[in-house]
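This report concerns only the one structure given below.
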Amino acid sequence: MTSLTSTVVRLKLSLLRNGLRQSAGRRAAFVASAVVALLFALLQLLGFMALRGHAHAEAVAVPGTAVLALGWAVLPLFSPSGDETLDPTRLVMLPLRPRPLVRALLAASLVGIGPLFTLLVLAGCVLSVAHGAAGYAFSVAAVPLALLVCVALARAVAAANVRLLTSRKGRDLAVLSGLVGAVGAQLVNFGVQRLGSAGLGQLQPAADVLSWVPPASAVGAVRSASEGAYGVALGQLAVSVAGPALLIVVWARSLTRLMTSPDGSTLQAADTGVRDRSPAGLRRLLPGGRTGTVMERSLRYVWRDPKTKAAWVTSLAIGLIVPVFNAMQGTGSIYFACFAAGMLGIQMYNQFGQDTSAFWMVAQTISSARDAHTELRGRALALLVIALPYAVLVTVLTTSLLDAWARLPEALGLSLALLGAMLATGAWTSARFPYSIPQEGHKNVAPGQAGLAWISIFGGMVAAALLCSPVIAATIWLNVTADADAWGWVLLPAGAAYGATLTLLGLHLAAPRTAARLPEILTAVSKG
């Protein structure tokens, strides 16, 4: 009789094979990604091997292993569709017991590019600290134990959150994975700069703590054995064994609960009454008429629509990280605070594309340039509700970190002028170069419309920079030829007034174009 483990492993291989048979493009993408991943893993392996004999090799290998395990833990949360076998509820109707199913799914988890990539990196981490017969002997057990911790951790996290990952909120979380990449890149950049200035020795305290946390404890055991501390090495190896054992127990309990307990689809809704639809909360704070309705709709999109939410959260994070992190390192400028206004100003671009095919309902209410002006004004005001206080907050925070309070008025005036310019150009390009945003997947532009997106965003940003040139020139002139401390405050009201004027002028010019091009806009934004 065929064992369950071999059956599930063959199922995993069949899923991979059948997925590649769907199209030549998918096969090419898989091969290209596999080659890049393996080349990167080999480079990591060679890099760790080059650290052999270095005084701080452990300070890199141990945290590196912990970071690798962290990646395995969060990957299922941000890519729930990357592996079909991560969802055990698909097997709920089969007569399977938890223990055999755990063994089968664990074996299937070891099949793929990810486990091979992890194996190569873990081998590099272990070999970078291994010396002598005892060190190599412990390495034989350390590498598979560390790999087992990574795989079991991914499975336990996925099983504990499978209801979330297969729900709408789970799809929202997957879309937000772009935020993790954007923020993570800034954090890595910050860390690399700190290490470049202070050396790898700064990682040693973290390595000492992580050497007792699985799977980094497996690398710590190899290091201790290489130094002759066999008691410590055995203790760290025991921790490395206990880690996957505990994770497998947690995973098995989650599987049992998933396979035996009902979910929301099998339970009768407790609340069958009609909800009160009267305006409350945010709606009461907004103006009346169509302007307030448009503002409420736009703000609801920010909160509920996955793609819109991802764009906003990413812009908010980068707009804060860039000026603050540079200020914390002492290398920033107060004018970096303009990143906040710039990142949020981008959200004004392609306003109608954010509505996707639902824009046809909005288009039915626009019959004149006046209607279009009210629609654009409501969207701009909704953006300002968030962008205006945020830009002020980031500018004040950057100023406090740099202790450059004398430059606060001019920096804030420049930020407000930039925000107004981007609102103006965003309203115009939304009518002139609309494009569709697909609701499914991670793409932000429908096929064939990439050129429109580039023209809309980058062309509008260049135009906004040119529109801000008078305020920029005035700032430079005050700092070079005049008394900036005495007259710099003038730039705050001047920048605010200039930005408001640009916004009003941009809305006025974009409104008739929007009303005249409604059919073309509707066609463009509905292609996704």
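Position 1 is the first residue of the sequence; numbering continues from there. Keep in mind that the numbers below use all heavy atoms, side chains included, and drop hydrogens, waters and symmetry copies.
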To the nearest 0.5 Å, atom CG of L418 lies from atom CG of L423 at 9.5 Å
Go through the steps for L478 and V490 under the test side chain to side chain contact (heavy atoms under 4.5 Å, CB included), then give the verdict. CA-CA 10 Å; L478 281 177; V490 177; 5.7 Å; no
First locate atom CG of L383, then atom CD of Q351, and finally report the distance between them rounded to the nearest 0.5 Å. 7.0 Å
Closest heavy-atom contact between A61 and V129? CB-CG1, 4.1 Å
Tested for side chain to side chain contact (heavy atoms under 4.5 Å, CB included) against I318, the lone hit among L320, L316, T314 is T314
Is there a side-chain contact between V396 and L408, using heavy atoms and a 4.5 Å cut-off? yes
Quick one: pull up CD1 in I346 and CE in M343 and give me the separation to the nearest 0.5 Å. 4.5 Å
To the nearest 0.5 Å, what is the distance between CD on Q44 and CG on L120? 10.5 Å
Check the pair Y335 / T475 against side chain to side chain contact (heavy atoms under 4.5 Å, CB included), numbers first and verdict last. CA-CA 11 Å; Y335 301 109; T475 303; 3.7 Å; yes
Any donor-acceptor pair under 3.5 Å linking the side chain of N350 with the backbone of S456? no
Please tell me whether S430 and R379 have a donor and an acceptor in their side chains that are separated by less than 3.5 angstrom. no
The criterion is ring-ring contact (aromatic ring centres under 6.0 Å, His included); which residues satisfy it with W454, sequence neighbours excluded? F458
Please report the interatomic distance CE(M295) to CZ(R290), rounded to the nearest 0.5 Å. 14.5 Å
Pairing residues for A464 by the side-chain contact (heavy atoms from CB on, under 4.5 Å) criterion, not counting sequence neighbours: Y349, A421, M422, T425
Set of residues satisfying side chain to side chain donor-acceptor pair (under 3.5 Å) with respect to R297, sequence neighbours excluded: E375
Around atom CZ of R52, are there more than 12 heavy atoms of other residues, nucleotides or ligands at under 6.0 Å? yes
Side chain to side chain donor-acceptor pair (under 3.5 Å) against T308, all qualifying residues, sequence neighbours excluded: D305
Can you name the residues that form a side chain to side chain donor-acceptor pair (under 3.5 Å) with S217, not counting sequence neighbours? S240
Quick one: ring-ring contact (aromatic ring centres under 6.0 Å, His included) partners of F359, sequence neighbours excluded? F352
Is the count of non-hydrogen atoms from other residues, nucleotides or ligands lying under 6.0 Å from W405 atom CH2 greater than 12? yes
Has K309 got a side-chain atom pairing as donor or acceptor with W303's backbone, closer than 3.5 angstrom? yes
State whether the side chain of R517 and the backbone N or O of A431 hold a donor-acceptor pair below 3.5 Å, judged by distance alone. yes
Measuring from Q354:CD to S298:OG, what's the distance to the nearest 0.5 Å? 8.0 Å
Determine yes or no for a side-chain-to-main-chain donor-acceptor pair under 3.5 angstrom, with T291 supplying the side chain and P287 the backbone. no
Please say which of T399, V392, T398 ends up in a side chain to side chain contact (heavy atoms under 4.5 Å, CB included) with T395. T399
